[in-house]
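Numbering of residues begins at 1 and proceeds along the displayed sequence.
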Amino acid sequence: MPDVTTRDAKLIQYLNEAHVKERQLEQALEAHIAMTENAPYRKRLKQHLTETKRHARDVERRIKQLGGEAEGISGVVQGAAGRVQEVAARGAALAQGQVHMLRGTGTQEKMLKNAKTEFQSEAEEIGTYSAIQAMAKIVGDRETEQLAKAILREEKRMAGFLEKLIPRLTAAVAKAEIPAAERNGGPRRTSRRRTTSRRTTSRRSTSGTGARSKGGRTSARGSTSRSGTARRTTARTGTSRRTSARSGSTARSGGSRRTNARRTASSGARSK
């Protein structure tokens, strides 16, 4: 890299790291698309493969504008020896794709493992382009900064798609490979819990009804007792009144008899 400033050399270094990753991701995406049966997922992978190829071209162009040489998938500058390593690296990437086709216990799990690998790759690219954008801003390279910003936006969008997809793929794996009786805690265990809950509620209800019934009987007894007391009090009052009336009548009768005796005695005295 003749006549390249220290600033541009550092940007070229970072851009080449991004370029190598984009080329590697191309190979992985092509293999993953071939084994993906989920239609929306497959469509999104194809879209991102197109984006990835464009990213690689744009980054390579910017490297050359800064006076550098783009590195291939092997991570070395293209040349006689570089081309040999490039072919070997492409072969290794294709072999890795074949290995991805064999991993997992079923189709759903293969897609899940691929999505996790892609999410990891997106995270690495987000870190790489964030560093390029920040470095370009610091050294005043606006064109590189804008390029990194645009690519970063698409990488984050793909990462967001994968983040939402992974739980759905995981659910598909569970449904395909785990019996229904062993999912969601198992129906038998849930049934027992509900039965126990119902029994507890029934006992509480019976206990509350019994307490209210006892309280009602106690209240009734208290009311009857008070009523009896009132009746006995009334009876005593009536007896007292009758006794008083009899005493008064007897007293009046005695007085009348004494008065009559006196009158008889007085009348006898006069006759004499």
Side-chain angles (χ1 to χ4, degrees), residues 12-64 68-132 147-148 150-166 169-170 173:
I12 290 169
Q13 173 194 334
Y14 286 6
L15 288 167
N16 261 319
E17 290 173 0
H19 185 260
V20 170
K21 187 63 184 176
E22 296 288 8
R23 291 300 186 190
Q24 291 174 347
L25 189 57
E26 281 183 32
Q27 304 294 320
L29 286 174
E30 288 173 354
H32 291 180
I33 289 170
M35 67 181 83
T36 300
E37 297 182 1
N38 183 305
Y41 181 23
R42 183 185 178 91
K43 180 180 179 180
R44 188 66 183 90
L45 288 178
K46 287 182 177 180
Q47 290 175 348
H48 194 56
L49 176 59
T50 300
E51 294 172 349
T52 299
K53 290 180 177 180
R54 187 181 71 250
H55 296 168
R57 290 194 302 268
D58 292 345
V59 169
E60 183 176 357
R61 185 183 304 111
R62 186 56 188 156
I63 289 172
K64 291 179 178 180
E69 291 290 334
E71 297 176 359
I73 194 172
S74 61
V76 297
V77 176
Q78 295 292 341
R83 281 191 292 272
V84 174
Q85 293 186 21
E86 179 75 4
V87 172
R90 285 184 178 276
L94 289 172
Q96 186 180 30
Q98 296 298 321
V99 171
H100 287 183
M101 293 183 71
L102 298 175
R103 65 185 184 178
T105 55
T107 303
Q108 299 299 331
E109 190 167 29
K110 286 178 183 178
M111 289 191 291
L112 174 60
K113 288 183 178 294
N114 289 346
K116 288 160 64 178
T117 299
E118 291 152 11
F119 189 61
Q120 183 179 3
S121 297
E122 292 305 317
E124 183 179 350
E125 287 193 299
I126 288 171
T128 298
Y129 284 111
S130 294
I132 293 172
L147 173 63
I151 295 175
L152 187 59
R153 188 183 303 114
E154 292 182 341
E155 302 295 4
K156 287 182 176 180
R157 189 181 301 125
M158 183 61 182
F161 171 81
L162 292 169
E163 186 176 11
K164 294 177 181 177
L165 176 68
I166 287 172
L169 293 177
T170 303
V173 171

Holding to side chain to side chain contact (heavy atoms under 4.5 Å, CB included), I want the full list of residues that pass it with [X], two or more places apart in sequence or in another chain.
X	value
Lys156	Ile126, Leu152
Gln47	Lys43, Arg44
Leu49	Glu26, Leu29, Glu30, Ile33, Lys53

Mind checking what makes side-chain hydrogen bond (donor to acceptor under 3.5 Å, both in side chains) contact with [X], not counting sequence neighbours?
X	value
Glu122	His48
Tyr14	none
Glu125	none

Judged by atom type as modelled, is there a donor-acceptor pair below 3.5 Å linking the side chain of [X] to the main-chain atoms of [Y]?
X	Y	answer
Arg42	Thr36	yes
Asn114	Glu109	no
His19	Ala70	no

Problem - Charged N-O contact under 4.0 Å between Glu51 and Lys46 - result: no
Problem - Close side-chain approach of Leu147 and Tyr129, heavy atoms under 4.5 Å - result: no
Sequence neighbours left out, what passes salt bridge (Lys or Arg N to Asp or Glu O under 4.0 Å) with [X]? Give chain and number order.
X	result
Arg57	none
Arg61	Asp58
Glu17	none

Practice task
Carefully, step by step, assess Glu22 and Arg54 under the rule salt bridge (Lys or Arg N to Asp or Glu O under 4.0 Å).
Solution key: CA-CA 9 Å; Glu22 296 288 8; Arg54 187 181 71 250; over 6 Å; no
Handout entry: Closest contact, heavy atoms only, Glu71 versus Asn16
Key = N-OD1, 2.7 Å
Practice task
Might you point out which heavy atoms bring Ile132 and Ala18 nearest each other, and give the distance in Å?
Solution key: CD1-CB, 4.0 Å
Exercise for the section: Check the side chains of His32 and Glu118 for a donor-acceptor pair under 3.5 angstrom, ignoring hydrogens and angles. Expected result: yes
Exercise for the section: Verify salt bridge (Lys or Arg N to Asp or Glu O under 4.0 Å) between Glu124 and Lys21, making sure each step is shown before the conclusion. Expected result: CA-CA 9 Å; Glu124 183 179 350; Lys21 187 63 184 176; 3.2 Å; yes
Exercise for the section: Please round to the nearest 0.5 Å and tell me the distance separating atom CD1 of Ile151 and atom OG1 of Thr52. Expected result: 10.0 Å
Using atom types as modelled, flag every donor-acceptor pair under 3.5 Å from a side chain in residues 157-166 to any protein atom, sequence neighbours excluded.
none

